[in-house]
Amino acid sequence: DEALAQCTTDISGRAFLVFNADFTAERIGSLETQTIIEFFRAFAMNSGMTIHINLLYGDNDHHKAEAIFKAFAHALRLALKNENGNAVLSTKGSLG
């Protein structure tokens with residue numbers, strides 16, 4: 001749709017979240033828009049991942065949230081694979 005989000009992840013053991021997105025509505029259906037950042041904060045802290053999410057543009061809050069979750073899913077899938085399609089990529093060699 002009209003929204004575009006970008007996400008970069010690092011499975012490093014160092015938990016951190018950068019979340020650059022704003023919503024105009026308090027809710028999308030029954031979902032409170034404030035819980036979207038809280039979901040990603042909890043995910044980052046509990047997984048030990050660094051996650052950077054940037055909503056580049058969008059008008060419709062539903063489309064913005066959808067773009068964010070899709071960008072995250074795609075980044076996570078890529079972070080979990082190496083060139084051979086298995087194992088976890090790490091600049092430190094391997095994760096314990």
**Q** Applying salt bridge (Lys or Arg N to Asp or Glu O under 4.0 Å) as the test, list every pair that has at least one member in residues 46-55; sequence neighbours left out.
**A**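 Residue pairs with at least one partner in residues 46-55: there are none.
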**Q** Report the distance from atom NE2 of His62 to atom CD1 of Ile28, rounding to the nearest 0.5 Å.
**A**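 These two atoms lie 7.5 Å from each other.
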**Q** For Cys7 and Ala75, work out which heavy atoms get closest and say how close.
**A**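 Shortest heavy-atom separation between Cys7 and Ala75 comes out as O-CB, 3.5 Å.
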**Q** Which residue pairs satisfy the salt bridge (Lys or Arg N to Asp or Glu O under 4.0 Å) criterion with at least one member in residues 30-39, sequence neighbours excluded?
**A**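 The answer is Arg27-Glu32, Glu38-Arg41.
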**Q** Would you say that more than 12 heavy atoms from the other residues, nucleotides or ligands in this model lie under 6.0 Å from the CD of Glu2, or not?
**A**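 Check passes, neighbour count above 12.
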**Q** So how far is it from Leu4 CG to His63 NE2, rounded to the nearest 0.5 Å?
**A**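 The NE2 atom of His63 is 13.5 Å from CG of Leu4, to the nearest 0.5 Å.
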**Q** Compile the donor-acceptor pairs under 3.5 Å between side chains in residues 66-73 and protein atoms, sequence neighbours left out, one pair per line.
**A**
none

**Q** Set out, in order, the CA-CA distance, both residues' side-chain angles and the distance that settles side chain to side chain contact (heavy atoms under 4.5 Å, CB included) for Ile37 and Leu17, then state yes or no.
**A** CA-CA 9 Å; Ile37 189 173; Leu17 174 66; 4.1 Å; yes
**Q** Indicate yes or no for a side-chain donor-acceptor contact from Lys64 to the backbone of Leu55 under 3.5 Å, with no hydrogens or angles considered.
**A**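 Such a contact is absent between Lys64 side chain and Leu55 backbone.
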**Q** Following the transitive rule for hydrophobic clusters with a side-chain heavy-atom cut-off under 4.5 Å over Ile, Leu, Val, Met, Phe, Trp and Tyr, establish whether Ile11 and Ile53 coincide in one cluster.
**A**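 Yes, because Ile11 and Ile53 connect within a single hydrophobic cluster, where side-chain heavy atoms sit under 4.5 Å apart.
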**Q** Does anything in residues 49-60 pair up under side chain to side chain donor-acceptor pair (under 3.5 Å), and if so which pairs, sequence neighbours excluded?
**A**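 Those involving residues 49-60 are Asn20-Asn54.
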**Q** For Thr24, what residues pass the side-chain hydrogen bond (donor to acceptor under 3.5 Å, both in side chains) criterion, not counting sequence neighbours?
**A**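 With sequence neighbours excluded, Thr24 shows a side-chain hydrogen bond (donor to acceptor under 3.5 Å, both in side chains) to Asp61, given in chain and number order.
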**Q** Go through the structure and list residues passing ring-ring contact (aromatic ring centres under 6.0 Å, His included) with Phe16, not counting sequence neighbours.
**A**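 So Phe16 forms no ring-ring contact (aromatic ring centres under 6.0 Å, His included) with any residue.
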**Q** Under a single-linkage rule joining Ile, Leu, Val, Met, Phe, Trp and Tyr whose side-chain heavy atoms are separated by less than 4.5 Å, which residues share a cluster with Met45?
**A**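 Members alongside Met45: none; it stands by itself.
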**Q** Do Leu76 and Leu78 touch side chain to side chain, with heavy atoms closer than 4.5 Å?
**A**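 Contact flag for Leu76/Leu78 side chains = no.
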**Q** Using the side-chain hydrogen bond (donor to acceptor under 3.5 Å, both in side chains) criterion, which residues pair with Glu26? Sequence neighbours excluded.
**A**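 Expected list: none.
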**Q** With sequence neighbours excluded, give me every salt bridge (Lys or Arg N to Asp or Glu O under 4.0 Å) pair touching residues 46-56.
**A**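 Non-adjacent pairs meeting salt bridge (Lys or Arg N to Asp or Glu O under 4.0 Å): zero.
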**Q** Under a single-linkage definition using a 4.5 Å side-chain heavy-atom cutoff for Ile, Leu, Val, Met, Phe, Trp and Tyr, are Val18 and Phe40 assigned to the same hydrophobic cluster?
**A**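 They do not share one cluster, since no chain of ILVMFWY contacts under 4.5 Å joins Val18 to Phe40.
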**Q** Can you name the ring-ring contact (aromatic ring centres under 6.0 Å, His included) partners of Phe19, sequence neighbours left out?
**A**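 ring-ring contact (aromatic ring centres under 6.0 Å, His included) list for Phe19, sorted by chain: empty.
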**Q** Mind checking ring-ring contact (aromatic ring centres under 6.0 Å, His included) for Phe23 and listing every partner two or more places apart, or none if nothing turns up?
**A**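 So Phe23 forms no ring-ring contact (aromatic ring centres under 6.0 Å, His included) with any residue.
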